[in-house]
Number of protein chains: 2
Amino acid sequence: MDAIHPQTTALIRKLESIAPLALEEKAALLRLPLRLKTTAADQDILREGDVPSECCLVVEGFACRYNVTAQGKRQILSFHISGDIPDLQSLHLKVMDHSLGTLIPSKLAFIQHDDLHSLMHSHPRLGDLFWRDTLIDAAVFRQWMVGIGRRSAYSRIAHLLCELLVKLRAVELVEDHVVNLPVTQAELGDALGLSTVHVNRVLQDLRGAGLISLHGKTLRVLDWDRLKTAGEFDPAYLHLRKRDAL
Amino acid sequence: MDAIHPQTTALIRKLESIAPLALEEKAALLRLPLRLKTTAADQDILREGDVPSECCLVVEGFACRYNVTAQGKRQILSFHISGDIPDLQSLHLKVMDHSLGTLIPSKLAFIQHDDLHSLMHSHPRLGDLFWRDTLIDAAVFRQWMVGIGRRSAYSRIAHLLCELLVKLRAVELVEDHVVNLPVTQAELGDALGLSTVHVNRVLQDLRGAGLISLHGKTLRVLDWDRLKTAGEFDPAYLHLRKRDAL
DNA sequence: CGCTAAATTGAGGTAGTTCAACCAAAGTGG
DNA sequence: CCACTTTGGTTGAACTACCTCAATTTAGCG
């Protein structure tokens, strides 16, 4: 296989967590021209109102999409890890209706819209797969809405931790039930519609109940079953290829 | 034009609110085989876990997608009006991760997945347009997340009313600033993550402030500018073709 | 007219917020 | 390698936006 851009393997790994890829499709992905970039933490990649002409692949690191209210309150809309293309929607929605930024130092790879369009033209199944990816994105939004709108803080946090664990596991960044969780409590709060203070207290509850342990950035899930129950977590909405037997 | 299924005009009108359609594309849409159905209010069309083989076009009426928590709390995820295909995502996500139901008596038209796939195959631009539609869907989810997570009840309700007005206007179901709003306060609450009682009180506030009047199902926007301000409403996220000069 | 669903009101409670302080860990520059 | 600074985590206390429950009124409809 003529791998010109090995960074694309992150993308391939992620897409394969969603659907199988043919050899020729992988080869075509690897031939995608990339513009590489290394960024610090807390850097904006795109801002609301921007009109991008390329998409951003997260090769390594942690990114999030977010919106800021007129009163300066931030809502994080999604987290993104290795293999994700958080702004894939910009292929068909010209103007960004939200911002995209890094949470930790990250490696990014930018792909021209034109190159993606011609890739999908020559490989329609990849086009469907990208569409499917944006649909899964939307499914996660829906699940977050349920959490923010109708679940207690305790349940919400448990749910998010479950989701992160499963997503990281799907791209093999997890060994056993231990994750590197590079997200501050303030960021968790912004994602869940909670204050930092309350996130802190609920995390203590989760620890007190023996569901997790949290030292520095290391999250260890001590009781996966009870954490799933607490968060009412059912991974079906992630539409992964192999239902993870966690 | 060989209009076999005039119900499709609702779909065409809606798609044209998003992007222009070629004559041949409209003709192809009109040739789509439809299975028509008339339903009462509060009927489930699809339930979580279902594996549909057709999509549901709302010809007339009002539908919503929703999820129910283990504790029996409902979160409404989206409202759908004439021309919408609320379960378009089922083309690529086999298992429903939420339910779909009517809010009032409605006319529905079901389209086989196969027919949609071959339509998109022969008219790739329509495929892109459907994709775009699901992306706008996701943009609305994002906006709702911001509201539920970070805005006050007052602001949230104002925002939702703005959104409904603009969406109805885009498919020409609104004259001036008066809408038929066939949604109960309980349903508004389920959409916004609020209790019925609180929705009621905030609606009174909005009336007291002279922003709206609400008699029965008739919503009249008395002060569009102040309602927009109250809801921090910017229609950009709806990605409509013509930015409505409301 | 009677029935039912929806809207409205009151009162009391609580899950979450805000503010402000303090502590701990992790860099960073000298 | 240590003092210094910064960032993130933790705690307490006061507050409030919103919830729950339960009753009452109003509106729609056969």
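Quick caveat: nothing in here was measured; it's all calculated off a predicted structure. Naming convention: chains lettered A, B, ... in sequence-line order (proteins, then strands); numbering from 1 in each chain.
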> Short question: side chain of A:Thr102, backbone of A:Ala63 - any donor-acceptor pair under 3.5 Å?
Replying inline: no
> Taking 5' to 3' order, which nucleotide of DNA chain C is first and which is last to have an atom within less than 4.0 Å of a heavy atom in chain A?
Replying inline: C:dG16 to C:dC19
> Does B:Arg35 CZ have over 12 foreign heavy atoms under 6.0 Å away?
Replying inline: yes
> Please give, in whole Å, the distance from D:dC18 C1' to B:Ile148 CD1?
Replying inline: 15 Å
Which side-chain N or O atoms in residues 207-218 of chain A pair as donor and acceptor under 3.5 Å with protein atoms at least two apart or in another chain?
residue  : atom : partner  : partner atom : Å
A:Arg207 : NH1  : A:Leu214 : O            : 3.3

>> Between A:Leu108 and A:Phe110, is there a side-chain heavy-atom distance shorter than 4.5 Å?
In response: yes
Tell me which donor-acceptor pairs under 3.5 Å the side chains of residues 156-166 of chain A have, and how far apart each pair is, sequence neighbours excluded?
residue  : atom : partner  : partner atom : Å
A:Arg156 : NE   : A:Gly147 : O            : 3.4
A:Arg156 : NE   : A:Arg151 : O            : 3.2
A:Arg156 : NH1  : A:Leu192 : O            : 2.6
A:Arg156 : NH2  : A:Arg151 : O            : 3.2
A:Glu163 : OE1  : A:Trp144 : NE1          : 3.1
A:Glu163 : OE1  : A:Tyr237 : OH           : 2.6
A:Glu163 : OE2  : A:Trp144 : NE1          : 3.2

> For residues 180-189 of chain A, which residue pairs qualify under salt bridge (Lys or Arg N to Asp or Glu O under 4.0 Å), counting only residues two or more places apart or in two chains?
Replying inline: none
>> For B:Arg142 and A:His98, which I'm curious about, is there any donor-acceptor pair between the side chains at under 3.5 Å?
In response: yes
> In B/S/- notation, 5' to 3', how is nucleotides 23-30 of chain D contacted by protein heavy atoms closer than 4.0 Å?
Replying inline: -----S--
> Tell me, which of residues 100-107 of chain A have any heavy atom that sits under 4.0 Å from an atom in DNA chain D?
Replying inline: none
>> Taking side chain to side chain donor-acceptor pair (under 3.5 Å) as the definition, give me every residue that meets it alongside A:His198, ordered by chain and number, with sequence neighbours left out.
In response: none
> Listed by chain and number, what are the salt bridge (charged side-chain N to carboxylate O under 4.0 Å, His left out) partners of A:Arg150, not counting sequence neighbours?
Replying inline: B:Asp190
> How close or far is atom P of D:dC19 from atom CD of B:Gln185, stated in whole angstroms?
Replying inline: 13 Å
> Can you tell me how far the CD1 atom of A:Ile111 sits from the SG atom of A:Cys55, to the nearest 0.5 Å?
Replying inline: 7.0 Å
> Who are the ring pair (Phe, Tyr, Trp, His ring centres under 6.0 Å) partners of B:His80, not counting sequence neighbours?
Replying inline: none
> Any sub-3.5 Å donor-acceptor pair from B:Ser152's side-chain atoms to B:Ser155's backbone N or O?
Replying inline: yes
> To 10°, what angle do the rotation axes through the five end pairs on each side of the helix from C:dC1-D:dG30 to C:dA21-D:dT10 form?
Replying inline: 50°
> What residues in residues 186-207 of chain A put a non-hydrogen atom under 4.0 Å from any atom of DNA chain D?
Replying inline: A:Val197, A:Asn200, A:Arg201, A:Gln204, A:Arg207
>> Taking the side chain as everything from C-beta on, heavy atoms only, tell me whether B:Met96 gets closer than 4.5 Å to B:Arg47.
In response: no
> Which residues satisfy the side chain to side chain donor-acceptor pair (under 3.5 Å) test with B:Gln204, sequence neighbours excluded?
Replying inline: B:Asn200
> Are side-chain N/O atoms of B:Glu232 and A:Gln71 paired as donor and acceptor at under 3.5 Å?
Replying inline: yes
